[in-house]
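Numbering starts at 1 and runs along the sequence shown. Only a predicted model underlies this, so the values are computations on that prediction, with no experimental measurement involved.
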Amino acid sequence: MSSRIDQQYLSFSLGTENYALSISSVREVLELSRLSKMPASVPYFKGIIDVRGKGIPVIDMGMRLGLEECVSRENKAVVVVEQQLTTGEVLSIGLLADSVHEVIWIREEDIDPAPSIGNSMAWNFINGVGKIEDGFIFILNLEKLLSEIEAPVIPGEDISGINSEELPE
């Protein structure tokens, strides 16, 4: 009997690239509904959506990975995930993607470690690169992806992305 582990992943697109999250952390997939925007938030935080009476924060996965903002309005989806915080609480958060595809199985032997080339912030969020029928799929590490989101915003901190040297005196 083989000791390999096959895992299920939810596949989705950001731009022209394919990504995946372990299905064990995915609660549901929703069509993007009206976002209530929050003032003075980081650029990848897009707002809050109402999911059965509960406000769920939504982040733009493309921007969070240092890529372009999710722009495809017609297929845009929110992947609602749950992650246990270090405090023991469970965080529900929506991840905005250009489109969501399907649940796929990827065999352990078809997953290579993430390359360690360059100084890309995005590689920190990648668990591995899976080989699939039509190419490759980046398997995301949800814990690392959300780890900095847990951190509180320090009052007075410049989170607008504007370089303070560019501000008028």
Side-chain angles (χ1 to χ4, degrees), residues 1-33 35 44-118 120-150:
M1 179 178 222
S2 173
S3 63
R4 71 178 168 80
I5 300 171
D6 295 347
Q7 292 193 20
Q8 283 186 301
Y9 296 91
L10 179 69
S11 63
F12 57 93
S13 294
L14 299 173
T16 59
E17 299 300 327
N18 292 314
Y19 293 83
L21 284 169
S22 173
I23 198 72
S24 63
S25 58
V26 176
R27 188 172 89 191
E28 60 189 307
V29 177
L30 305 169
E31 243 181 74
L32 179 63
S33 61
L35 278 169
Y44 59 78
F45 178 62
K46 293 302 176 186
I48 297 175
I49 59 170
D50 181 350
V51 178
R52 290 180 289 289
K54 182 178 178 188
I56 302 289
V58 175
I59 65 169
D60 185 305
M61 289 288 293
M63 293 181 75
R64 179 71 177 118
L65 292 170
L67 305 170
E68 293 182 20
E69 184 175 11
C70 292
V71 292
S72 173
R73 279 275 170 213
E74 58 210 39
N75 294 327
K76 210 177 271 191
V78 177
V79 179
V80 179
V81 296
E82 291 183 336
Q83 179 70 35
Q84 186 162 356
L85 303 177
T86 54
T87 61
E89 294 179 69
V90 175
L91 171 70
S92 293
I93 191 161
L95 307 175
L96 192 59
D98 286 320
S99 62
V100 174
H101 304 291
E102 61 187 337
V103 174
I104 59 173
W105 285 91
I106 303 177
R107 298 179 310 180
E108 185 177 40
E109 63 262 24
D110 289 335
I111 300 174
D112 292 329
S116 57
I117 295 175
S120 173
M121 169 186 69
W123 289 120
N124 294 327
F125 304 134
I126 306 290
N127 262 353
V129 180
K131 294 178 214 96
I132 56 175
E133 275 183 29
D134 52 348
F136 295 99
I137 191 163
F138 297 103
I139 300 169
L140 297 176
N141 181 321
L142 186 62
E143 184 177 344
K144 287 182 181 177
L145 191 69
L146 300 181
S147 65
E148 293 175 23
I149 294 173
E150 290 181 48

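L96 places none of its side-chain heavy atoms less than 4.5 Å from the side chain of I59. Contact annotation: the side chain of E82 never approaches that of S25 to less than 4.5 Å [non-hydrogen atoms, C-beta and beyond]. Two residues are said to be in side-chain contact when any heavy atoms from C-beta on lie closer than 4.5 Å; L65 and L145 meet this criterion. Within the 4.5 Å cutoff, the side chain of E108 has no heavy atoms near those of the Q7 side chain. V81 has its side chain out of reach of S92: every pair of non-hydrogen atoms, C-beta onward, lies at least 4.5 Å apart. Looking at heavy atoms from C-beta onward, H101 lies in side-chain contact with N18 at the 4.5 angstrom threshold. With a 4.5 Å cut-off on side-chain heavy atoms, I106 and I137 count as touching. The closest side-chain heavy-atom distance from R64 to L140 is not below 4.5 Å.
No donor-acceptor pair closer than 3.5 Å links the side chain of S22 to the backbone N or O of Y9. A donor-acceptor pair is defined here as one N or O able to donate and one able to accept, closer than 3.5 Å; no such pair exists between the side chain of N127 and the backbone of I139.
A donor-acceptor contact closer than 3.5 angstrom is absent between the side chains of E17 and Y19.
In terms of heavy-atom proximity, L95 sits nearest to L142 at CD1-CD1, 4.0 Å. When all heavy atoms of L10 and F12 are compared, the pair lying nearest together is O-CD2, 3.7 Å. In this structure, V78 and G94 approach most closely via the heavy-atom pair CG1-CA, 3.6 Å. When all heavy atoms are compared, the tightest approach of V129 to A114 is CG2-CA, 4.5 Å.
In this structure, E69 pairs ionically with K46, as a charged nitrogen and a carboxylate oxygen lie closer than 4.0 Å. Ion pairing of K131 with E109 is absent here, as no side-chain N (NZ or NE/NH1/NH2) approaches a carboxylate O to less than 4.0 Å.
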* Go through I56 and R27 one step at a time and tell me if the side-chain contact (heavy atoms from CB on, under 4.5 Å) criterion holds. => CA-CA 12 Å; I56 302 289; R27 188 172 89 191; 4.3 Å; yes
